[in-house]
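Comments concern the structure below.
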Amino acid sequence: MPEINVTPLGAGQDVGRSCILVSIGGKNIMLDCGMHMGYNDDRRFPDFSYITQNGRLTEFLDCVIISHFHLDHCGALPYMSEMVGYDGPIYMTHPTKAICPILLEDFRKITVDKKGETNFFTSQMIKDCMKKVVPLNLHQTVQVDDELEIKAYYAGHVLGAAMVQIKVGSESVVYTGDYNMTPDRHLGAAWIDKCRPDILISESTYATTIRDSKRCRERDFLKKVHESIERGGKVLIPVFALGRAQELCILLETFWERMNLKAPIYFSTGLTEKANHYYKLFITWTNQKIRKTFVQRNMFEFKHIKPFDRSYADNPGPMVVFATPGMLHAGQSLQIFKKWAGNEKNMVIMPGYCVQGTIGHKILNGQRKLEMEGRATLEVKLQVEYMSFSAHADAKGIMQLIRMAEPRNMLLVHGEGAKMTFLKGKIEQEFSIDCYMPANGETATVSTNPSVPVDISLNLLKREMALGGPLPDPKKPRTMHGTLIMKENSLKLVSSEQALKELGLNEHQLRFTCRVQLQDPHSDSDTLHRIYTHLKSVLKGYTIQHLPDGTVMVESIVIKVSSSADDANTKVLLLSWSYQDEDLGSFLSTLLKKGLPSGLC
Amino acid sequence: MAAHLKRRVYEEFSKTQIPHEEAPAKKLRLSKPSKSAALHVDLCKATNSTDALQYLLHFARKPVEAESVEGVIRILLEHYYKETDISVRLKIASLLGLLSKTQGFGPDCIVDDAINALGNEKSHQVLAQLLDTLLVIGTQLPESPTIRQRLIEVACKHLSDTYFGVRNKCLQLLGCLGLVDAPLNKDGEGPATRNTAPENSLRDVQSIISDYFGDQDPRVRTAAIKAMLQLHERGMKIHQIIYEQACRLLSDDYEQVRSSAVQMVWVLSQLYPESIVPIPSSNEEIRLVDDAFGKISHMVSDGSWMVRVQAAKTLGSMLQVSPHFLEQTLDKKLMSDLRRKRTAHERAKELFASGEFSSGRKWADDAPKEKLDSNTVYLIASGACGAFVHGLEDEMFEVRIAAVEALCQLARSSASFAEKCLDFLVDMFNDEIEEVRLQSIHVLREISTHITLREDQLDTVLAVLEDKSRDIREALHELLCFTNVSTKECIQLALLELLKNLNKYPTDRNSVWKCLKFVGSRHPTLVLPLVSELLSTHPYFDTPEPDMDDPAYIAVLVLVFNAAKSCPTMPALFSDHTFRHYAYLRDSLSHLVPPLRVRTGKLYGSGSVESAQLFLQQSLNRVSTIQNLEAPGAQDLLDFTIRDLLRLGELQTELAGAADFCATYLRCQLLLMKALQEKLWNMAVPLCLKQNVTATAAAQQILEETYKLEFLYSGLDSRQVATIHHVRLQAKALQLVLTARTRQGLDPLLSSCEKFLQDVDSFQRLFLTELPHLQDSFVDKLLELMPRLSSSKPAELVKILQTTLRQSGLLQLKLPQQIHRATATIIEPTGESDNPLRFTSGLVVALDIDATLEHVQDPQSSVKVQVLYPDGQSHVIHPKPGDFRKPGPDRHRLITQVYLSHTAWTEPSQIEVRLLLAYSSSSSSSAAKEGWSDSVDGVPPPEAAVEGTIQFSKPVKVFIMPKPARR
């Protein structure tokens, strides 16, 4: 039995540093290559020594596929390709390819320039890495090599996020990356056809959540921001530069316009402009509304949202600031947070998931005193709000995707173990399919039952068609005679004559003969005639001949009569048929064994 | 003579149709030989198939007349048999189908040929095309059971073809022609038992079609379902066994199959709503309609948006579904299979409340707790749960709109569901697409009778008042007119927001005032505690008198006065100036300010509708006592009654339509009476030539009034229409008599006599059912005399008419119940502006027109704008259909622009703008006409359509000034 092996190097029962190895049909594929936000040491990157202890990865991997540009899905890419060493193709969609290097560069700057780490990848490495990238289009089937093909589907989540189908022969695996089943203000919903993969590898960030309708969330969010602004407070929204940030920007922008609000909205970091530029370009990847209205006005050309300058944080009066990164673990958002944390009029809205160990996670869990570097403690007085804006599918969305794709097995990654267990139970119960949730380094093995394609010769097919009913009925299997030839790597089904010819073999005849004793007082020739008339009356629709040489032929079956030596009344019938006429021959022999009816003349 | 006249009548009658019939007949005789011959020559000339195809394509562009069709078909068939090229045969086959559609050609003669051709055909494409041709022929010949039987046999024979197109066409054929006659033929009572094997084929058609539900080709599966739906449309009862098969197709791989399967399931759920189906994997059973509802709800989260739209639309029309299923569609969090036990549902809810699933609104409320009993919780519990939540959040706005509409339909039939879906609809007000927002506002208005808004909901609703789009704001005003709110804070909030709106968009003035009028009259008790605050009165101090022209102040007053109407204690809180303002507003804005019992000295009494109705009835009864038109005092009585009715209409707006209608009718009678009593009748014919001017004018006026009666009022029943037509007939008779007296010469008289007889005839046909009610009337007498009339000479006829007209009594008018007069008010331009609209002569200027129309049916086609220039020039402008909006039942809003242009004037001058209601008398009686045109086949309507327009709005004057162009 062929097997598919899936081994998460990261994201197994965990969120962060997604990296999943799949071996299918003799091919090895790495899905995503991310970093972990929660760690600053070696655990930050996946453990590539699992693949090989020393040396390059190129010979062990057939390709690398990146689902989208979030750092927990692509953060380790330059490290892997340039520092560990990988020269094969890296696949990602066009928007991902465009935006990914910006984020990587930003990440590098923070780690190297700010924290002063050494032994980290350089800008040049990012550039070299991006040179190995092959861009993908949606629904385009790309042949990696002769057997391995991949196809991208729309995944929502962030601009350019894709789900990937990996196919070798008739075995296939779908990896969802991160996806979203409900559309939002700027992206559509994930969609996949009924591709019935052997394994569906799905993220499960919100395995135990069924979210309220997004409209409630949007309204709540706007209300909270509005109230805080009216109180004169400052609102900090930590976001990742790309993705959710754009959705929230559109939301606030339209709200500001509608309510005619004057309080300034700022967006931190310089990469926003660059990123927004890409959002404007890749309009085909956005949702229906933006696609339809961009001719009049591109929704990403914001009127109310201005770039942020560090000095603005101390300005008096209300303001809204989007700052990166989203989990308050470093960078500008953390700086602003420190400044504003002491005032209870202010508010921080966490619009998404926070990994354990980040400050975001801590304050969300109600911690009011934070320990900072240098033994200082920070008292948190500002209001902390949580709005689930992260565009991951909720439990219901995951189920919906399973229903759409109809996989034979399910594999959960990118979620917390305990929550996965819950969802796993649900999936097994609801769809009665197997569900796996391997931890990092564990391998899940699924044996598949691939169908073997066989070429059938057209002549044979036509002949069989002519024999049976006009239409093949999918419900009723039909037997057919033919010869299966296995040559080199191909299988074909041909008629026996052709097989003999091709293989240069002589045909051997196989004949069965049998004697039937019959009590009949007539002479031999009369008996033969009686048999002839009897058969004629029984076997209608067959050619029955009475040949002059004292034989009866039914199709190709020969019947002869001779008297028994010791009893003249006992006739011995000699039946002879070839292997092909086995059915008819055995029927005749049983028929004749019953004897001839008396009524015959 | 009789025969002669009758013949003349019919000649005349057919003459009117000449333009349609005769001209092509002539052409046909000329072209027949040439046409078919030409084709024949062409086809023979064709050396190869490409040429032949070219000729055929060329030929297909021109129409062929009915008589030459058969010849052409023979030639085509002849060529068809000889032709070896597939594409040419295909074209010929399609031409056969086209030709059999020709009007007046009976395609039964080519059935045999087509079937023959089918038997010998090898190419699958041509086969499919030939079957298509047969389908056309079959639908052309609905009356012939034998041909239909043959076609069905042919279709069954080819069903096993390997090409999907052929199977498709066969199924289509079966769907369109399969026998429908006997609905349940087990008793053998069906009317179709005459046929050769009706039972056989009847049973077969459905089972044969359903065999192909499992075909390997999705296109064939779709065709099979479509064929089944076609059978249903033709009235055949689909068997319940199909249901199960249809349900299986819901999970088909192909979207078109799923989409049509949704329709199929819906059809079956409407046919057998109450039958019981088992739930798989359990031994429980539920109603079929509930089961179907669950399954279709499931399709709302389908992968294809076409299917989602289809499913969401379908859900709206499943009104028989049980309430608890309905409510599940709004509950996304439901995780239990409610289908079995109610308690299971509640248990699941408790589990939910215990925090097993988080809502995503609070951090870490999804920390897993104890393990659940896995039997009770399903994530996608089969069924309806959350269908609408999904639909309303869908990516495609088409799906969202469909979901909103379905929600509306369901909510209208169930108050509790309306209550539940309120939150969701309110949420939709924030949709990103305006169309969706607008639609959900409309929907909320429609279901608002069931609901009361809470403060937070009202808050969300009111936030939309700042929307830029005028449509949205007005829809929202309309919504506020119909909503109930719960607290006085809500009223205050609403008022505040509306005033803000007024401030921001002053053009909304009328709409806002009207809105506040309804808000006030709906919530008098909630307004009461706010009065002193709203009017800023103070118990001890006099406050300054507010500015009377301030729209915001007027808005507040409108609110207060309307509330005061049903709250007698309120006026006590008013200060003096309020009363003065009341008196002023009562006069200037009487439609917004109700009559109040206040100290102004003048009491506006208002009787109840019942008493008014009674009065109306009594007036009519009184009139009915007039037996003879010449009875003394009859005229006076009519005069008084008309006056009374008109006044009644002014006082009781509810009855205005009915009162006006009656008054107009009576005025017609009065005019008729006066005309008949003129002295001229006693004079010798030659003497009265000049004196019958008044009578002629009266006849003309009556005619016009009858058209108004017929088309300006909606809600007439056929008896009233008959009465109106009757008056019109009388007026025509009067005209005829007058013509006879004035004009000399027999010829014109003869033709008008015939015309009149025709009118009588068509009246009789149109109102056959009403004739018993018209006893002793003019037309009744006339019909008695009809045989004599049609045979008599014109002079004689006129004499008879004259006496009948004088003798016939007044026809009683039945009290109209639901009559509304179509009215139009032009809001903009107001006609108050003294600044002329200046523009360069020769160029155009756009004038914005904003008008409300009430009780106008189909305004898109009937309402026109007329612009009258001072020089008597008049333009009629047809507004675009998109310019009409429908803010409420029986109301329309016309917002359009008309383009004005004129040559240069020296002075600014006024033009008049008014709205016209166009009518054509043929359209009004179309329903009745269909009734008889079936029996009298091919006879065209005798009455040439009378078209005209009625002015139904007050004209508005606009100052314009076309300046000479500067060189």
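Sequence lines set the chain letters: A, B, ... in the order given, protein chains first and strands last, and positions in each chain run from 1. Quick caveat: nothing in here was measured; it's all calculated off a predicted structure.
- The two residues A:K194 and B:D252 have their closest heavy-atom pair at NZ-O, 3.2 Å.
- Listed for the B:E395 side chain is a donor-acceptor partner under 3.5 Å among the backbone atoms of A:A189.
- More than 12 non-hydrogen atoms from other residues, nucleotides or ligands lie less than 6.0 angstrom from CE of B:M396.
- Checked against B:S301 for a side-chain contact (heavy atoms from CB on, under 4.5 Å), the options A:Q400, A:M181, A:M404 give a single hit: A:Q400.
- The side-chain heavy atoms of A:Q288 and B:F397, taken from C-beta on, include a pair separated by under 4.5 Å.
- In this structure, A:R196 and B:D253 have side chains that are in contact, with non-hydrogen atoms separated by less than 4.5 Å.
- Note that CD of A:E218 and CG of B:D427 are 9.0 Å apart. Values are rounded to the nearest 0.5 Å.
- The parts of B:D431 that come within reach of chain A are both its backbone and its side chain, each placing non-hydrogen atoms under 4.5 angstrom from that chain.
- Interatomic distance, A:T293 OG1 to B:E434 CD, rounded to the nearest 0.5 Å: 12.5 Å.
- Looking at B:K500, neither its backbone nor its side chain comes within 4.5 Å of chain A, counting heavy atoms on both sides.
- Under a cut-off of 6.0 angstrom, the local environment of OH in B:Y254 is sparse, with at most 12 non-hydrogen atoms contributed by other residues, nucleotides or ligands.
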